Structure formats: C-alpha cells, structure tokens
Chemist: 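There's a structure below that I have some questions on.
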There are 2 protein chains.
Amino acid sequence: MMVSEKSVEKSFASLHAPFIMNAAEADVIRALRKKGVISRTGISSITGWSKAKTSQEIRSLIGKGYLVEEGEGTSQGGRRPGLLRINDQLGYLVGLDIGATSIDAVLADVGGKVLQRITSPADVRQSPEEFLSHCSELILEMVTAQACRHDQILGIGVGVPGPVDFSRGVLVAPPLMPGWENFPIRSFFQQTFPTSYVVIDNDVNIMAIGEQRAGDGIGVDHFIFIKIGTGIGSGIVSNGKIHRGSIGCAGDIGHICVDKQGPICRCGNTGCLEAMAAGPAVTEKALQAAKNGSSPLLRKMMEDNGGFLGPEDVNTACREGDQAALEIIRASGQMIGDVLASLVNFFNPSHIFIGGGITNFGNHLLVSIRRAVLRRSLPLATTDLSINFSRMGPEAGVTGAVALAREYLFIVEGQPTFKV
Amino acid sequence: MMVSEKSVEKSFASLHAPFIMNAAEADVIRALRKKGVISRTGISSITGWSKAKTSQEIRSLIGKGYLVEEGEGTSQGGRRPGLLRINDQLGYLVGLDIGATSIDAVLADVGGKVLQRITSPADVRQSPEEFLSHCSELILEMVTAQACRHDQILGIGVGVPGPVDFSRGVLVAPPLMPGWENFPIRSFFQQTFPTSYVVIDNDVNIMAIGEQRAGDGIGVDHFIFIKIGTGIGSGIVSNGKIHRGSIGCAGDIGHICVDKQGPICRCGNTGCLEAMAAGPAVTEKALQAAKNGSSPLLRKMMEDNGGFLGPEDVNTACREGDQAALEIIRASGQMIGDVLASLVNFFNPSHIFIGGGITNFGNHLLVSIRRAVLRRSLPLATTDLSINFSRMGPEAGVTGAVALAREYLFIVEGQPTFKV
DNA sequence: TAACTTTGTTCACAATACGAACGAAGTTAT
DNA sequence: ATAACTTCGTTCGTATTGTGAACAAAGTTA
C-alpha cells in the first residue's frame with residue numbers, strides 16, 4: 001500500500017519541472033537529444049556505459065515518465081531494436097520574442113516542436129506589469145487552444161530588446177524600455193506558471209541561438225547574427241557559446257561610428273551605423289529622393305501612401321529598377337559591410353547570418369554588404385567566410401527562445417546549472 | 001625481484017610527460033594547482049571526495065612522484081596538517097615568444113616558476129629550420145645552465161607572430177613569415193625534446209594568456225589584450241577562454257580601417273590602424289615634424305641620431321614637453337581608441353590590457369585612448385570598463401607560453417585533451 | 001533447418017567510494 | 001598539569017556502483 005501510494009505521488013510530481021536526474025541518466029538524455037529516436041544499444045555505445053547499466057537507467061527514466069518506447073526499428077541482421085524517445089507529453093515550453101511594437105509567442109512540446117504561434121501588437125512603453133500580463137494572456141490562450149494545463153508549462157524563454165543580465169534575468173539600462181530596469185521578469189511569470197523555469201536573454205541573442213540550434217548555424221563554432229530593422233544589433237557565438245559580454249550588452253553594434261560628420265543618432269552621438277543605415281535612415285533618404293525629384297517612382301509611392309514611405313516601399317522601388325532606391329540600399333549595405341569588415345578582422349567568424357525586418361531587401365543589400373566586407377577585411381579572414389541571410393525568417397527569435405528554455409529542462413544532481 | 005625492478009622502471013618512466021591519471025587524481029591535482037600548498041583535508045573539501053579516498057589518491061600520486069610532502073602547517077586547534085604540493089622537480093617547461101627580430105625564451109619548473117630567461121636577436125625571415133634550430137640551442141643553453149637533462153623538458157609553449165591553426169599547431173598564411181606556412185613546428189621540437197608536448201599559439205594570444213594566468217586578468221571572463229608595437233594586434237578572452245576564431249586569425253585589428261583617405265598599408269589597403277598609429281607611423285610623423293621645423297627638439301634628436309628617430313625618442317621628446325611629439329602620441333591614441341570604441345560596443349569586455357613596445361609611452365597615450373573610447377562607446381559598455389597598461393611588461397608573452405604548456409602537462413584517462 | 005547476428009536482460013562478481021571508528025598530534029579550559 | 005575538546009589522517013568493514021559473461025529473445029542468412 002504505502003509503496004504504491006508513494007510511487008503514484010512521485011510519478012505525478014515528476015510532471016513538474018525541473019526534472020532531477022543523476023549523471024548517467026543525463027548522459028542518456030543527452031544522447032536522446034542528439035539522436036531523437038535511438039535504441040538502448042545505440043545509447044550504450046554513445047554514452048560509453050555498459051549495456052547493463054544503460055538498460056537500468058533507461059528503465060528508471062521510463063518509470064519516471066521522462067522516456068517512452070517508440071515501437072521497434074528495422075533489424076540490422078538480428079533482433080529488432082526497441083526504440084526510445086524523450087516523452088514529448090512531459091509538458092510544454094514557451095518562447096517569447098518581445099519587440100518594441102509586437103509580441104511573438106510560441107507553444108512547443110519538450111522536443112522543441114512548435115504547436116502554435118501567435119503574433120500580437122503591443123507597446124513596450126507600457127509598464128512591465130501590463131505588458132507581461134498581456135504576454136501571460138497570450139500564453140494562456142495557446143494553452144487553452146492546445147488543451148493543455150497551465151501547470152504543464154515547464155519552461156519559458158524570453159527575448160527582450162535590450163541589454164540583459166543573464167544570470168539575474170533582468171534588463172540593465174535598456175534604452176527602449178527604461179521602466180523595465182531590474183524588473184523581476186522571472187518571478188512575474190513564475191507567479192502565473194509556477195512549474196516553469198524562466199530564462200531571459202537579449203532579442204538578438206535568442207535569434208542567434210535559434211540559428212545555432214535549428215538553422216544553418218548548427219555545428220558552427222564562431223558566428224555573428226546581425227539583426228537589421230529599426231535598429232541594428234548582433235548576437236555573438238564564440239567557441240559554440242553565446243558571448244554576452246561583461247554586463248550583457250555585447251553585440252550592440254548599432255552605435256558604432258561610421259562617419260563622424262554623420263547625422264545625430266538617438267543615442268546622442270553622431271554618425272552611428274544605426275542612424276545611417278537602419279530602417280528609419282533608409283526611409284528618410286527615400287523621402288528625400290521622392291521630394292527632390294531624383295526618383296519619380298518613390299514620389300508616386302509617397303503620394304499614394306499619404307506622404308509616407310516604409311522600408312518595403314524602397315524595396316519595391318528597387319525591384320522595379322529605380323536607381324535612387326537601389327543607391328539608397330547599396331549605400332546602406334556598404335556602411336553595414338564596412339562595420340562588419342572590422343568585426344570580421346577582430347572576431348574571425350566563419351559565418352555571418354543576417355536577419356530582421358530588412359532581410360527581404362534581397363540581394364542588392366546582401367551583395368553590397370559582401371563587397372564591402374571583402375574589400376576591407378583581411379583576405380585570410382574572408383577565405384572561409386560565408387555571409388548570408390538567415391533562412392529562419394521571423395521565427396528565429398521564438399525558436400531560439402524555446403531552444404534556450406529547453407536547455408534548462410533537466411537538472412543534474414550536484415550541478416547547479418546543467419544543460420542537456 | 002621482478003616487482004622491485006618493475007617499480008624502478010615505472011618511477012623512471014613517470015618522469016616523462018605526459019602524466020596519465022584518473023579523474024579523482026586529476027581533481028586532486030586541480031585543487032593543488034589552485035592552492036599551491038594544501039593539506040589532505042583541504043583537498044578533500046575542495047574536491048568533494050571523502051577523506052579516505054582523497055588520502056588514497058594522494059598516496060598514489062606521491063608514489064608516482066607527482067606530489068611531495070611540504071612539512072607541516074600551523075595547527076587550527078588540533079593536529080597539524082601535513083602539507084602537500086606538486087613536485088616541482090618533476091621536470092621543466094619552456095616558453096618561447098618568437099618576435100620578428102628576436103626570441104624570448106624562459107625555462108620554468110612545472111609549477112610555472114621561471115628559472116631562467118634569455119633574449120636573443122633573430123630574424124624571422126630565416127628558414128623555419130634555421131630559426132627553430134636557434135630556438136632549440138637557446139633551450140639547450142638554459143638546460144645546461146640549470147643542470148637539468150634535456151629529456152626533462154615536459155612541455156614547450158610557443159608564440160609566433162602570425163595566424164595559427166591551434167589544433168594542428170601550424171601557421172596559416174602568415175604575412176611576416178611566408179616560408180613558415182604549414183611548417184610542422186610541433187614535430188620539429190619533438191625531435192630534439194621527445195619527452196615534451198608542444199603547443200603553438202599566436203604571439204598576442206599567449207600574452208593574453210599570460211595576463212589571464214599571472215597578471216591582472218586572473219578571474220576576468222571577458223577581456224581584450226592589445227599589443228602595440230611595430231604592428232597592432234589583440235588577444236581575445238571570451239567566457240574565460242581564448243577566442244581564436246574560425247581559422248585562428250581573430251584579434252588581427254591592425255588592419256581595421258580608420259581613414260579611407262589614409263596612407264597605404266603594407267597589406268595593400270589604405271588607412272589601416274597599423275599604418276596610422278603603430279610604431280613606424282609614429283616615428284614617420286616625428287621625422288616630418290623634425291624636418292618641417294615644427295619641433296626643434298625632435299630635429300636635434302634626429303641629427304644626433306644620424307637622421308633616424310625611434311619610438312622611444314618621440315616618448316622622450318614628449319616627456320620634455322615637446323608639443324609636436326605630444327600631438328603625435330595623442331593622435332595615435334585617439335585612432336586606437338576609436339577602433340577600441342567599436343570593439344567595446346561589440347564585445348563588451350570588462351578590461352582592456354595594453355602591452356607591447358609602445359607601452360612605455362606612458363600616460364599621454366593611455367589618456368587619449370581612454371578619452372576616445374569613452375566618447376564613442378555606449379555609456380553602458382564603459383561603466384564597468386577598465387583600460388590599463390599590462391603590468392607584466394615584456395614578460396607577458398613567455399609567461400603565457402609557459403602557462404599554455406603547463407595546461408597540457410597532465411592527461412586524464414579517457415579524456416583526449418584534458419587541461420588541469 | 002541450422003548457423004549466425006543483433007538486442008536486451010539477468011546475475012554473480014569486482015571495483016569503488018564511503019562512513020564510522022580510531023589513533024595521532026595539538027590546543028584550550030579549569 | 002590534567003582533562004576535555006579539535007583537527008588531521010588512516011584503517012577497515014560495508015554499501016553501492018558498474019561490468020562482463022551468460023543467456024534469452026527475436027531475426028536474418030546460407
């Protein structure tokens with residue numbers, strides 16, 4: 001009686017994160033993470049543990065509900081292997097990508113498979129409480145839609161547009177959202193989702209993580225992810241790990257100076273990359289071209305738009321062969337490329353991924369960036385360098401947020417912050 | 001008989017690197033590395049192993065000759081602890097810092113204590129065989145002077161002025177020493193010193209390692225070490241580890257563009273930092289000032305020198321209050337600072353250490369660098385940033401080379417490249 | 001149908017690591 | 001000065017951990 005009651009309690013409790021395990025079990029989980037579906041013998045040969053021990057640990061993990069059997073594989077000339085996988089029904093993960101004007105949220109299973117995605121307009125100038133309550137509602141909306149319980153949310157990964165003290169999980173002097181400084185995002189979410197582990201990171205860092213876990217950055221040790229949109233930022237991966245810097249503001253390349261005689265930036269300095277080459281600068285130049293007559297097409301688009309032009313208008317004009325628009329995009333690409341050239345010399349990455357709203361500017365932008373980098377970097381640093389748009393599109397952020405949360409799903413005895 | 005013979009053989013063989021040990025023994029060694037001299041109980045509490053097990057492993061390590069007893073410590077209110085330390089007589093390490101015109105070599109014991117240091121002029125344009133033979137002779141000279149055997153050299157750390165493929169231990173497309181490309185430095189040294197493990201790294205990287213292990217960089221996770229001399233280079237530490245980049249040329253900031261209208265650099269581009277702010281540029285500007293009459297003092301020094309001026313002359317002139325010399329140094333500092341400002345935004349280090357020949361230019365240079373960085377970097381990135389000269393002087397390189405070699409002294413069963 | 005192969009479990013055994021007890025060496029309180 | 005406590009390190013019995021060998025299960029191939 002006693003024993004059976006205890007075991008029932010335990011199997012229920014085990015549905016709540018974090019999942020505690022020993023080192024050998026962690027090896028098994030790691031092997032499963034890598035391979036997805038694999039046999040006991042396969043796990044044994046990956047982990048190095050004997051077949052006997054491996055089998056035993058797997059029995060334990062199945063007992064706890066972490067693993068499930070997934071039918072049988074094909075015979076390799078003998079008995080068919082019994083396949084195993086991590087129990088995706090163990091619970092759910094949430095990824096949040098907080099932008100200045102919108103929230104991107106996904107609900108995924110513990111395997112990282114996205115079940116639902118929501119995008120919602122929002123204003124980051126709201127108070128953190130209001131804004132995050134909105135986020136919680138979005139999560140609960142998905143929870144309801146997917147018919148799961150809110151206490152099955154095991155991890156929440158959050159990307160925010162500002163510098164983050166990663167270990168404390170708070171924003172540090174964020175220019176876009178001053179009221180958020182030191183706001184305890186982690187405990188806010190844990191009030192509503194007490195079963196979940198909450199990780200906060202910079203928005204570009206989570207995009208880089210997304211690229212590293214689910215994009216073309218898999219297996220790449222040194223790369224830079226550039227986000228070009230309203231601002232310009234970057235996520236840095238060094239030796240396979242995110243480089244966040246001393247106080248978490250690494251990658252903030254938007255305010256690198258490209259021209260001391262340039263226009264004044266919102267940061268107060270002159271000639272910042274962001275002020276000269278990001279979205280607003282591009283549309284500003286386009287408006288000038290429309291007004292001063294150098295581009296009749298842009299002028300027409302402006303008039304049709306009621307006096308406004310967006311980045312996508314410049315792109316359209318460029319596609320239709322408008323020289324002024326092309327020149328604006330080229331100039332932007334060259335300035336970005338000049339900055340990247342310095343960073344390539346300094347950091348020697350093997351890949352640069354470019355993402356963010358400006359991505360659909362297409363090849364003209366990419367070509368000018370590449371050309372500038374090739375011209376100004378050391379030949380050695382560029383021989384093995386690829387510069388490309390991220391193929392993950394707008395999903396890089398939330399994908400990375402989920403991947404980040406997923407890292408902290410399991411906890412190993414003795415090791416305070418173990419990542420599987 | 002058999003047994004005793006065997007054990008003699010074993011204890012002799014154990015004098016040759018690498019020293020193989022199990023995981024628990026490695027924990028003991030690691031604790032000893034950290035504390036230097038420590039009791040058995042102390043090791044037990046650091047490693048987490050029980051007193052019984054710790055004692056046993058220590059007995060084994062003493063038996064192998066890796067550890068020695070170091071008298072007794074002071075009582076903490078009970079029996080006096082028996083102190084232990086790593087056996088410094090185990091063998092010796094060599095650090096080599098190869099410069100364009102000189103070799104800096106040290107012989108150290110396995111504790112890292114420098115026993116002897118030699119500096120010798122050399123020309124890197126020699127063939128690798130000639131040059132490295134010269135290095136070997138220097139090492140043997142020290143070996144003789146210190147009355148140790150050449151087969152007691154257990155590790156050689158080498159810093160070379162060029163990009164290094166660290167895992168293969170060869171230079172990759174080095175501009176200063178084209179004939180060295182892919183030359184097997186490692187096996188060259190192992191012919192003469194078959195008992196030693198040879199590690200090759202970039203010259204600025206080993207300076208950064210020196211700063212990290214024995215200088216003000218101890219415990220600093222993110223820093224940049226800048227070397228300013230004939231050229232300008234940097235060593236990068238991210239998350240406590242050297243960042244070498246995709247092909248090993250990370251940190252090569254000398255060819256970052258500071259002025260597109262600037263003079264032509266030896267790399268072929270225009271306006272590189274190196275061409276505008278490094279040693280040769282400084283002396284060139286000083287010569288101009290001497291010739292065009294804007295500095296009578298420099299003119300006099302030039303004439304006394306037979307038409308030449310060195311960086312130290314500019315420094316002297318500056319100290320004596322010469323305005324032209326001061327302006328030259330300030331301009332150099334500002335350009336370096338402007339580049340560093342970009343790197344600070346990108347990398348967010350907590351420390352920048354400046355070393356190399358130009359270091360003794362003193363405060364004028366440092367102040368202008370700091371001022372430029374503070375003006376052009378994000379305030380957030382500079383709040384916690386310290387920019388200082390390295391206090392290790394010309395010994396940073398060799399110290400780092402020894403530290404690097406020392407990491408590979410012990411090898412743990414199963415783990416291919418374990419660092420203690 | 002017999003002879004291999006591969007998978008996974010069982011079980012006895014070896015090794016590993018620990019706790020408790022103890023001896024050794026010192027310090028502090030009375 | 002002596003008793004009582006502390007700390008250090010070793011010894012030893014024991015519990016735990018992990019393994020290899022044997023075996024059972026399930027299939028494939030000659």
Side-chain angles (χ1 to χ4, degrees), chain A residues 20-32 34-64 66-87 412-415, chain B residues 20-32 34-64 66-87 412-415:
Chain A
I20 298 170
M21 47 178 54
N22 63 40
E25 287 174 328
D27 285 343
V28 171
I29 293 287
R30 217 181 287 120
L32 275 158
K34 200 171 168 184
K35 296 287 178 181
V37 174
I38 190 176
S39 70
R40 288 168 176 77
T41 310
I43 292 173
S44 166
S45 69
I46 288 178
T47 60
W49 297 105
S50 67
K51 283 196 298 176
K53 171 123 181 105
T54 305
S55 252
Q56 182 191 316
E57 299 297 346
I58 286 170
R59 240 190 323 277
S60 152
L61 286 168
I62 290 177
K64 291 185 196 169
Y66 300 0
L67 261 50
V68 288
E69 270 158 313
E70 176 94 344
E72 292 184 338
T74 55
S75 165
Q76 306 293 319
R79 170 174 167 179
R80 283 196 299 258
L83 298 180
L84 299 156
R85 59 176 301 139
I86 295 178
N87 180 9
V412 178
E413 299 170 337
Q415 269 169 289
Chain B
I20 298 171
M21 46 179 55
N22 61 41
E25 286 174 329
D27 286 342
V28 171
I29 293 287
R30 216 179 290 119
L32 276 159
K34 200 172 168 185
K35 295 287 179 180
V37 174
I38 190 174
S39 70
R40 288 167 175 77
T41 309
I43 292 174
S44 166
S45 69
I46 288 178
T47 61
W49 296 106
S50 66
K51 283 196 297 176
K53 168 113 180 120
T54 305
S55 253
Q56 181 191 316
E57 299 298 344
I58 287 170
R59 241 190 322 277
S60 152
L61 286 168
I62 291 177
K64 291 185 195 169
Y66 299 1
L67 261 51
V68 289
E69 270 158 314
E70 177 93 345
E72 291 183 338
T74 55
S75 164
Q76 307 291 319
R79 171 174 167 179
R80 284 196 298 258
L83 298 180
L84 299 156
R85 59 176 301 140
I86 296 177
N87 180 9
V412 177
E413 299 171 337
Q415 270 170 287

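Every chain is numbered from 1 and lettered A, B, ... according to where its sequence line falls, protein lines coming before strand lines. Quick caveat: nothing in here was measured; it's all calculated off a predicted structure.
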Chemist: Can you measure B:Lys51 atom NZ to D:dT7 atom C1' for me and round it to whole angstrom units?
Modeler: 8 Å
Chemist: Taking only residues two or more places apart in sequence or in another chain, which ones pass side-chain contact (heavy atoms from CB on, under 4.5 Å) with A:Glu69?
Modeler: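 With neighbours one apart ignored, the set is A:Arg40, A:Ile62, A:Leu84.
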Chemist: Could you tell me the separation between the CG atom of B:Asn22 and the C1' atom of C:dA15, rounded to a whole number of Å?
Modeler: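 The answer, rounded to whole Å, is 12 Å.
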Chemist: What nucleotide, of C:dG26, D:dG27, C:dG8, holds the atom closest to the side chain of A:Pro81?
Modeler: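 For A:Pro81, the side-chain atoms sit closest to C:dG8.
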Chemist: To the nearest Å, how far apart are B:Gln56 CD and C:dT16 P?
Modeler: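 In whole Å, C:dT16 P and B:Gln56 CD are 9 Å from each other.
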Chemist: I need the residues from residues 39-50 of chain B with at least one non-hydrogen atom less than 4.0 Å from DNA chain D; give them sorted by number, or say none.
Modeler: B:Ser39, B:Arg40, B:Thr41
Chemist: Measure from CG on B:Leu84 to C1' on D:dG9 and round the result to the nearest Å.
Modeler: 11 Å
Chemist: Using the rule given for side-chain contact (heavy atoms from CB on, under 4.5 Å), can you reason through B:Glu57 versus B:Asn22, listing the C-alpha separation, both sets of side-chain angles and the distance that settles it, and then say yes or no?
Modeler: CA-CA 9 Å; B:Glu57 299 298 344; B:Asn22 61 41; 3.7 Å; yes
Chemist: To the nearest angstrom, how far is B:Glu57 atom CD from C:dC18 atom C1'?
Modeler: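 B:Glu57 atom CD is separated from C:dC18 atom C1' by 13 Å.
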Chemist: Taking side chain to side chain donor-acceptor pair (under 3.5 Å) as the definition, give me every residue that meets it alongside A:Ser45, ordered by chain and number, with sequence neighbours left out.
Modeler: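 Counting only residues at least two positions away or on another chain, A:Ser45 forms no side chain to side chain donor-acceptor pair (under 3.5 Å).
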Chemist: Run the side-chain contact (heavy atoms from CB on, under 4.5 Å) test against B:Ser50 and tell me which residues pass, sequence neighbours left out.
Modeler: B:Ala52, B:Lys53
Chemist: Answer with base, sugar-phosphate or nothing: what part of the nucleic acid does B:Lys53 contact at a heavy-atom distance below 4.0 Å?
Modeler: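 B:Lys53: backbone/sugar contact only, no base atoms under 4.0 Å.
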Chemist: Which residues satisfy the side-chain contact (heavy atoms from CB on, under 4.5 Å) test with B:Thr47, sequence neighbours excluded?
Modeler: B:Asp27, B:Ala31, B:Ile43, B:Trp49, B:Thr54
Chemist: For B:Ser75, which residues count as a side chain to side chain donor-acceptor pair (under 3.5 Å) partner, sequence neighbours excluded?
Modeler: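 Applying side chain to side chain donor-acceptor pair (under 3.5 Å) to B:Ser75 gives none.
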Chemist: Let me see the working for B:Val28 and B:Arg30 under side-chain contact (heavy atoms from CB on, under 4.5 Å), right down to the final yes or no.
Modeler: CA-CA 5 Å; B:Val28 171; B:Arg30 216 179 290 119; over 6 Å; no
Chemist: Rounded to the nearest angstrom, tell me the gap between atom CD in B:Glu72 and atom C1' in D:dC8.
Modeler: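 Between C1' of D:dC8 and CD of B:Glu72: 10 Å.
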Chemist: Output one line per pair: protein atom, nucleotide atom from nucleotides 2-5 of chain C, and distance, for all N/O pairs under 3.5 Å.
Modeler:
from	atom 1	to	atom 2	distance (Å)
C:dT5	O4'	A:Gly77	O	3.4
C:dT5	O2	A:Gly77	O	3.3

Chemist: Applying side chain to side chain donor-acceptor pair (under 3.5 Å), can you list everything that pairs with B:Lys51, at least two apart in sequence or on another chain?
Modeler: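 By the side chain to side chain donor-acceptor pair (under 3.5 Å) rule, B:Lys51 matches no residue at all.
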Chemist: Would you check, one step at a time, whether the test side-chain contact (heavy atoms from CB on, under 4.5 Å) holds for B:Glu25 with B:Tyr66?
Modeler: CA-CA 10 Å; B:Glu25 286 174 329; B:Tyr66 299 1; over 6 Å; no
Chemist: Show every salt bridge (charged side-chain N to carboxylate O under 4.0 Å, His left out) that has at least one partner inside residues 74-85 of chain A, sequence neighbours left out.
Modeler: A:Glu70-A:Arg85, A:Glu72-A:Arg80, A:Arg85-A:Asp88
Chemist: Round to the nearest Å and state the distance from A:Glu70 atom CD to C:dT7 atom P.
Modeler: 18 Å
Chemist: Applying side-chain contact (heavy atoms from CB on, under 4.5 Å), name anything that partners B:Lys34, two or more places apart in sequence or on another chain.
Modeler: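 For B:Lys34, no residue satisfies side-chain contact (heavy atoms from CB on, under 4.5 Å) once neighbours in sequence are set aside.
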Chemist: Dump every N/O contact between nucleotides 12-15 of chain D and the protein below 3.5 Å, one line per pair.
Modeler:
none

